[in-house]
Amino acid sequence: HREAPRSSVTSAGYLNQSCDVLCEDAFWSMVVYRNPFYHKGQLVPGKNHISFNFAGRLARCHGDGNPVCARRRDQSGKKVGEPVPLEPQHLLDMVGNEIIISPTRQEAAV
């Protein structure tokens with residue numbers, strides 16, 4: 001478990017670092033909605049409002065620093081093999097003004 005650096009709560013840098021720690025130290029179930037964008041009650045064609053709803057937090061590591069592990073499942077849902085550290089299925093990143101959701105290398109290779 002990591003803690004975000006201590007500084008002024010009003011600092012944008014502190015907030016960004018806190019969000020990074022919150023997101024990197026856990027797995028999150030996420031639902032993304034794309035909604036029409038309105039300005040002063042009028043629909044703006046070609047513009048959308050994106051809503052990211054995070055829920056279902058699962059820590060990546062136990063309190064002692066060891067990774068959370070689970071056994072993989074085969075296509076029928078049966079557990080197989082030895083427990084392995086959990087890995088994300090997708091990555092969420094900001095690149096400039098763009099939000100990128102991409103499969104992890106592991107998922108891309110499947």
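- Hydrophobic clustering (side-chain heavy atoms under 4.5 Å, transitive across Ile, Leu, Val, Met, Phe, Trp, Tyr) keeps Phe27 apart from Val84.
- Residues Arg60 and Pro88 come closest through the heavy atom pair NH2-CD, 4.1 Å.
- Clustering ILVMFWY residues whenever any of their side-chain heavy atoms sit less than 4.5 angstrom apart, transitively, puts Trp28 in the very cluster that holds Ile50.
- Put simply, the side chain of Glu82 does not reach to within 4.5 Å of the side chain of Arg72, judged on heavy atoms.
- Nearest heavy atom pair, residue Asn53 against residue Tyr33, reads ND2-CE1, 3.0 Å.
- What you find for Phe52 and Met30 is that their closest heavy atoms are CD2-SD, 3.7 Å.
- Residues Lys79 and Arg71 share a closest heavy-atom pair of O-NH2, 3.3 Å.
- Residues Ala70 and Leu86 share a closest heavy-atom pair of CB-CD2, 3.6 Å.
- His90 NE2 to Ile101 CD1: the interatomic distance, rounded to the nearest 0.5 Å, is 8.5 Å.
- In terms of heavy-atom proximity, Leu43 sits nearest to Pro36 at CD1-CB, 3.6 Å.
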